[in-house]
Engineer: 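This is the structure I want to talk about, given as structure tokens.
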Amino acid sequence: MSSHAITVTINGRVYRATVPARMTLVDFLRDELRLTGTHVGCEHGVCGACSIMFEGRPIRSCLMFAAQADGASITTVEGLAPEPGGLSVLQDSFWETHALQCGYCTPGMLIAAHALLMRIPNPTDEEIREAISGNLCRCTGYKQIVDAVKLAAERLSGKNQNG
Amino acid sequence: MAEAKFRYIATKRRPKEDRRFLAGAAQFVADINLQGMLHAALVASPYSFARIKSIDAKVALALPGVHAVVTGAELAAATEPMMSGLDAPKLFRWPMAHQMARYAGEWVAVVVADTRAIAEDAAELVEVDYEPLTPVTDPEAALDPASPAIHPEHGSNILFRKKWTWGPVAEDFAGADRRLAFRARWHRSSTVPIETFGVVASWDHARQLLDVWASIQMPKYPDQLARALRLPGNGVRVHFDVDVGGSYGVKRGLKHSILAGFLARKLDAPVRLIEDRLDNMRGGDAQGPDRIFDMEVAFTNAGVIRALKIRALDDCGAHAGRAPLQLGKPVGAICGPYRVNSVEYEAISVTTNKTPQEAVRGFGQAPTNFALENAVDRVASALGMDRIALRRLNLIRADEFPYTIPSGSAYDSGDYHAVLDKALAAGPYDALIVRRDAARAAGKLAGIGVVTCLEPSGGNSSFEPLFNPKNDTTTWMEACSIKVDAAGSITVSMNTTSSGQGHETLASTVVGEVLERDPETIRVVRADSLSALPSNSPVGSRMAIMLGGAAAGAAKKIKETAAAIAAKKLGVAPAEIDYADGVFSVRGEPGKKLTWQAVCETAHRRFHELPDGMEPGLQAFHVLEVPTGGTLPTADGRVQMYPCYSFESHVVYAEVDRVTGQVTLGRYVVGHDCGTMINPDIVHGMTYGGVAHGIGAALYERFRYDDQGQLLSGTFMDYLIPSSHEVPDIAIVDHCTPSPLTAFGQKGSGEAGYLGGPAAISCAVNDALAPLGIFLAELPMTPGLLGDLIATKQK
Ligand code: FES
Ligand code: FES
């Protein structure tokens with residue numbers, strides 16, 4: 001099996017590694033780099049637990065090989081906070097509305113919502129539901145997640161001064 | 001009601017545990033990485049029923065990086081079989097098949113290698129020679145003594161069969177004005193957490209100790225694991241500080257854990273076994289109830305339901321486990337929230353060549369509620385009576401509690417009429433009627449479902465002795481310990497894992513409430529199974545009652561001790577001490593006081609100032625028996641099942657597409673009463689999630705098998721979990737009837753939403769289909785099923 005030397009920027013840090021051709025990107029993140037915030041729920045592209053930002057867009061890291069990430073810039077859940085130990089406005093909004101229970105889908109949800117807010121700063125409920133519809137959550141019934149994204153949008157646009 | 005009675009309880013507070021999940025810093029089992037850890041991959045039977053003639057692992061073992069291939073026969077020789085919940089001494093079950101494979105996906109061998117990828121490669125190289133046998137896949141066929149025996153030593157495919165008669169059923173049926181009968185079918189689905197099951201085991205031969213990390217939610221798991229591995233109970237240490245990525249009942253990977261533990265000892269290396277999605281769906285032994293109800297109802301012309309006859313036939317799959325007991329728990333709410341004079345209940349569990357069942361949210365209550373609510377709607381339509389009026393007539397009234405039902409359980413408290421009224425008002429029901437009728441006038445199929453369902457809570461084990469007379473367990477206790485350091489910091493220790501229920505928030509809120517300390521400042525940790533006090537894990541909607549009660553009990557002991565120390569220092573009797581906001585003072589003399597910190601420091605440093613005979617330090621634990629627990633069933637099978645009864649009323653508006661059969665839920669309201677809510681956001685979250693899960697069970701999710709026992713829905717592409725598109729914006733209306741049995745009036749709520757959702761949606765769909773003359777008591781009501789049914793009626 002062939003191996004490939006790759007250089008990837010993840011959460012602002014540059015990583016160089018040699019990976020087997022068949023290693024998925026999520027396995028590379030989790031097993032090689034120990035960035036275990038990104039989760040695996042199905043490994044067939046349906047659940048969204050493995051979502052990451054790849055070149056500014058949300059993708060499923062179980063559907064991509066690590067070798068394909070050569071030269072790319074990636075953000076995982078560990079890189080969402082503005083500073084280590086902190087929480088982003090979006091993460092804090094998830095906390096405020098209790099938009100999670102077991103937390104397993106949460107990193108993927110945060111990525112989906114983060115990508116949405118980059119694209120549409122003030123999304124409607126419909127747009128939020130559409131944006132997270134590729135991320136399955138078995139705990140929450142999605143309601144408090146929709147509330148969290150709305151709250152984050154308000155805070156980020158300065159409408160909610162409690163934020 | 002709860003307002004202003006509490007300081008922290010029932011207020012909006014950010015859950016303690018959320019932060020680590022949001023930061024991507026939780027520790028799930030798959031995140032654990034031990035030095036030298038090996039990886040397991042499974043070889044599964046492709047046949048649903050087959051004799052295993054031989055297994056050849058030579059080629060697999062030759063692959064570089066492979067450490068071992070272990071067969072079911074080797075494992076069975078070295079371990080004890082897993083226990084079932086029944087008195088069935090000839091039913092044997094080991095983690096892997098040996099001699100016979102009894103379902104497609106059953107593990108036959110395991111490969112251990114340096115990486116998961118190598119282990120999977122090698123698993124494909126293991127050659128198994130099978131002799132296929134004729135499978136049994138229909139539960140009714142399994143009742144036939146002539147059906148091929150899946151467990152020949154057991155003698156038949158009937159695992160459990162018993163009929164109970166509570167009250168004058170024959171007389172009530174004979175004397176009733178009207179009777180009706182119908183069949184209701186609940187097909188197999190499950191909770192299907194997004195995290196699969198996983199376990200890491202590590203054997204320390206110097207200490208002769210097996211360390212285990214697992215995504216577990218299971219009572220008695222450490223004991224059963226040790227027993228199966230022939231280790232003493234203190235030879236296994238289960239670490240409860242593993243975050244579990246959802247469970248809702250099913251995360252009981254005992255077989256995975258026995259296998260991983262065996263491999264870790266055999267290979268003297270840490271071994272990791274993480275299911276992939278296909279392993280989980282097919283071979284994870286975590287599917288749910290699969291039930292046929294034959295319902296008979298006797299009622300008066302005025303709409304009074306007099307008696308019920310219920311026959312429940314459940315297909316538990318290839319091995320018994322605890323699955324048959326899921327027919328037992330509903331005994332505690334067998335007539336729902338209704339005044340029914342007598343009940344006959346026949347519970348039958350059969351084995352077939354399908355994946356075994358595991359406990360699913362509600363432990364059999366959701367299918368039972370579905371059958372009951374459809375029965376009530378059928379009575380209403382038979383009488384031409386309004387179904388809400390019929391419910392109001394039959395619901396137990398608020399002034400009748402505690403109310404004992406024919407099968408022996410006393411319902412603690414409730415106000416069912418008030419909750420129903422609140423849910424209808426929130427609909428608002430009148431507007432929904434207008435909307436429905438307008439939709440119908442426009443040619444659409446539209447309907448409304450209104451149901452009233454119980455959520456028994458406080459998980460006890462009373463169904464164990466009911467289903468197995470040799471089992472005389474009468475306690476299902478839960479414990480909590482608290483220690484306070486010399487500076488006054490409080491640490492609470494709990495004794496089990498959590499899988500999203502917010503137990504750290506629960507425990508810290510309760511302890512903060514009793515000790516009047518800010519829950520923010522209270523740390524909650526988890527013992528491991530060797531340092532833990534007894535626990536029965538978060539099953540049966542029990543933790544608000546049981547962990548909440550144990551934590552409150554321990555906190556009260558701390559408070560009493562601290563007050564005694566303060567009394568001695570202040571020179572008065574303990575009864576003269578008041579405590580508020582972290583200050584102990586002498587009643588009537590507010591100037592004479594001591595702070596919380598001063599008392600804690602004294603407890604730790606100044607033995608000479610402590611009351612005579614008091615232990616130094618400041619710590620306490622409390623072990624709580626389930627309220628109302630402690631008794632065995634009577635000879636005729638009457639028993640107090642769970643202590644507390646939460647209640648939910650769902651009002652649902654649905655439209656069914658005539659062509660595609662797709663159901664759209666246009667309005668969803670849940671009126672809910674679970675007593676005092678310790679943390680409302682957490683309770684609401686579980687309720688929303690329970691409804692979403694109920695939508696899946698009602699409309700989409702089904703483990704479908706072909707007649708050869710092959711699973712046809714083993715991925716997320718064919719087993720459809722509701723997404724944010726299928727789950728509507730749910731409205732919850734709270735009501736609070738405190739339980740008289742618990743520390744703060746709380747009841748359980750972990751099964752909320754799910755226990756009424758499938759019933760409500762099926763009733764709404766049936767209302768929509770009524771103009772076509774269709775009544776369908778079958779779940780899930782998939783688009784295909786509904787579309788075909790509508791097409792046949794419209795021809
Ligand atoms: S793990 Fe990638 S989509 Fe499910
Ligand atoms: S929070 Fe558990 S799956 Fe979403």
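Nothing here was measured: the structure is a model prediction, and the numbers come from that model.
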Engineer: How about A/Gln144 and B/His684: does a side-chain donor come under 3.5 Å of a side-chain acceptor?
Structural biologist: no

Engineer: Do the side chains of B/Asp729 and A/Arg129 get nearer than 4.5 Å, heavy atoms only?
Structural biologist: yes

Engineer: How many angstroms lie between atom CG of B/Asp31 and atom NE2 of A/His39, to the nearest 0.5 angstrom?
Structural biologist: 5.0 Å

Engineer: Return the CD to OG1 distance between B/Gln27 and A/Thr36, rounded to the nearest 0.5 Å.
Structural biologist: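 Going from CD on B/Gln27 over to OG1 on A/Thr36, the span is 8.5 Å.
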
Engineer: On a heavy-atom basis, which atom in A/Cys102 and which in B/Ser499 lie closest, and how many Å separate them?
Structural biologist: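 Heavy-atom minimum between the residues: CB-O, 3.6 Å.
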
Engineer: Any side-chain to backbone donor/acceptor pair from B/Arg277 onto A/His44? Under 3.5 Å, distance only.
Structural biologist: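 Judged by distance alone, no pair lies under 3.5 Å.
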
Engineer: For the atom pair CZ (B/Arg14) and NE2 (A/His98), what is the distance rounded to the nearest 0.5 Å?
Structural biologist: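 Reported to 0.5 Å precision, the distance equals 12.5 Å.
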
Engineer: Please flag which part of A/Leu110 lies under 4.5 Å from any non-hydrogen atom of chain B: side chain, backbone, both or neither.
Structural biologist: side chain

Engineer: Could you check whether any side-chain heavy atom of A/Val46 comes within less than 4.5 Å of a side-chain heavy atom of B/Thr715, counting everything from C-beta outward?
Structural biologist: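 A/Val46 does not reach B/Thr715 side chain to side chain.
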
Engineer: In Å, rounded to the nearest 0.5 Å, how long is the span from CG of B/Asn280 to SG of A/Cys42?
Structural biologist: 11.5 Å

Engineer: Nearest 0.5 angstrom please: A/Asp125 CG to B/Ser724 OG, how far?
Structural biologist: 11.0 Å

Engineer: Do A/Gln91 and B/Arg19 have side-chain heavy atoms sitting under 4.5 Å apart?
Structural biologist: no

Engineer: Do B/Tyr688 and A/Thr140 have side chains that get closer than 4.5 Å, going by heavy atoms?
Structural biologist: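 The answer is no; the side chains never approach within 4.5 Å.
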
Engineer: Counting heavy-atom pairs closer than 4.5 Å to chain B, which one of A/Leu100, A/Val77, A/Thr106 comes out on top?
Structural biologist: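 Result: the option with the highest number of such pairs is A/Leu100.
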
